[in-house]
Amino acid sequence: MPLNDEETTALETFAALGRQFDYGPHWLGRPVAKASSEEQALSDSEKLTGPDHAKTLRDVFRVMEPRFARIWERDEGCLMALAVRLEVRLHSEGVAPYIQRAARGAGHWKDGWT
């Protein structure tokens with residue numbers, strides 16, 4: 001199903017906002033990627049971007065919610081199964097120490113984790 005005019009405008013607005021908060025310490029995706037809920041993502045985004053930009057994000061999410069809901073409904077089972085497999089792998093013997101170091105912020109990449 002093609003995007004309607006409101007969705008197109010919302011995504012263009014989101015793209016413009018994303019350019020203002022490019023990848024790095026103030027990357028717009030940072031609060032979303034680490035959030036455990038939509039509300040946490042929006043709250044953390046507001047701390048990063050300020051209230052005006054947070055309102056813009058809320059408006060974009062509101063416009064896109066029906067489309068996201070359709071995608072989630074269709075793919076939820078596969079995504080949940082993948083999440084379980086990923087969780088098991090992340091806690092496996094060969095990977096867990098690296099994940100723990102990265103989570104502590106102590107590790108960095110240079111010819112392997114150190």
Side-chain angles (χ1 to χ4, degrees):
M1 168 190 287
L3 298 174
N4 64 38
D5 290 343
E6 185 180 30
E7 291 169 335
T8 300
T9 300
L11 290 179
E12 288 169 351
T13 301
F14 182 77
L17 188 58
R19 286 189 292 276
Q20 291 179 43
F21 296 91
D22 202 3
Y23 194 77
H26 300 291
W27 175 50
L28 188 58
R30 187 177 301 272
V32 175
K34 69 178 188 172
S36 60
S37 70
E38 183 176 331
E39 268 314 304
Q40 181 187 0
L42 291 169
S43 174
D44 291 350
S45 294
E46 184 170 355
K47 291 173 190 168
L48 175 70
T49 66
D52 292 339
H53 292 309
K55 182 188 179 315
T56 299
L57 280 174
R58 286 182 189 278
D59 291 344
V60 168
F61 290 173
R62 177 191 51 78
V63 168
M64 299 306 295
E65 176 62 31
R67 192 171 285 268
F68 293 153
R70 283 193 303 270
I71 293 168
W72 179 253
E73 183 179 314
R74 183 189 70 213
D75 294 340
E76 180 180 13
C78 292
L79 291 170
M80 296 307 286
L82 182 59
V84 169
R85 288 177 45 209
L86 180 60
E87 187 73 21
V88 168
R89 181 69 178 127
L90 288 175
H91 289 91
S92 67
E93 188 174 321
V95 176
Y98 299 109
I99 298 299
Q100 291 168 354
R101 282 188 202 142
R104 287 192 313 265
H108 65 282
W109 181 257
K110 184 178 178 186
D111 301 321
W113 285 98
T114 60

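For this chain, numbers begin at 1 and follow the sequence in order. Given the structure is predicted, the values throughout are model-derived calculations rather than measurements.
A salt bridge is defined here as a Lys NZ or Arg NE, NH1 or NH2 lying under 4.0 Å from an Asp or Glu carboxylate O, and Glu38 with Arg58 fails to meet this definition. Under 4.0 Å is where a charged nitrogen must lie from a carboxylate oxygen, and between Lys55 and Asp52 no such pair does.
Between the OG1 atom in Thr13 and the CG atom in Asp59 there is a gap of 9.0 Å [rounded to 0.5 Å]. To the nearest 0.5 Å, the span separating CE on Met80 from CH2 on Trp72 amounts to 5.5 Å. Remark: Leu48 CG to His26 NE2 distance equals 7.0 Å, nearest 0.5 Å. Annotation: the span from Met64 atom CE to Ile71 atom CD1 amounts to 7.5 Å, rounded to 0.5 Å.
For Phe21, the ring-ring contact (aromatic ring centres under 6.0 Å, His included) partners are His53, not counting sequence neighbours.
A continuous path of hydrophobic side-chain contacts links Leu17 to Phe68 [ILVMFWY only; heavy atoms under 4.5 Å].
For CD of Gln20, the number of neighbouring non-hydrogen atoms (other residues, nucleotides, ligands) closer than 6.0 Å is greater than 12.
Judged by distance alone, with hydrogens and angles left aside, the side-chain atoms of Thr9 form a donor-acceptor pair with the main-chain N or O of Asp5 at under 3.5 Å. Under a 3.5 Å cut-off, the side chain of Arg67 and the backbone N or O of Glu7 do not form any donor-acceptor pair. No side-chain donor-acceptor contact under 3.5 Å links Glu46 to the backbone of Leu42. With hydrogens and angles disregarded, a donor-acceptor distance shorter than 3.5 Å links the side chain of Ser92 to the backbone of Arg89.
Contact annotation: the side chain of Asp44 never approaches that of Arg30 to less than 4.5 Å [non-hydrogen atoms, C-beta and beyond]. The side-chain heavy atoms of Phe14 and Thr56, taken from C-beta on, include no pair separated by under 4.5 Å.
For the residue pair Ser45 and Leu57, the shortest heavy atom distance occurs at CB-CD1, 3.6 Å.
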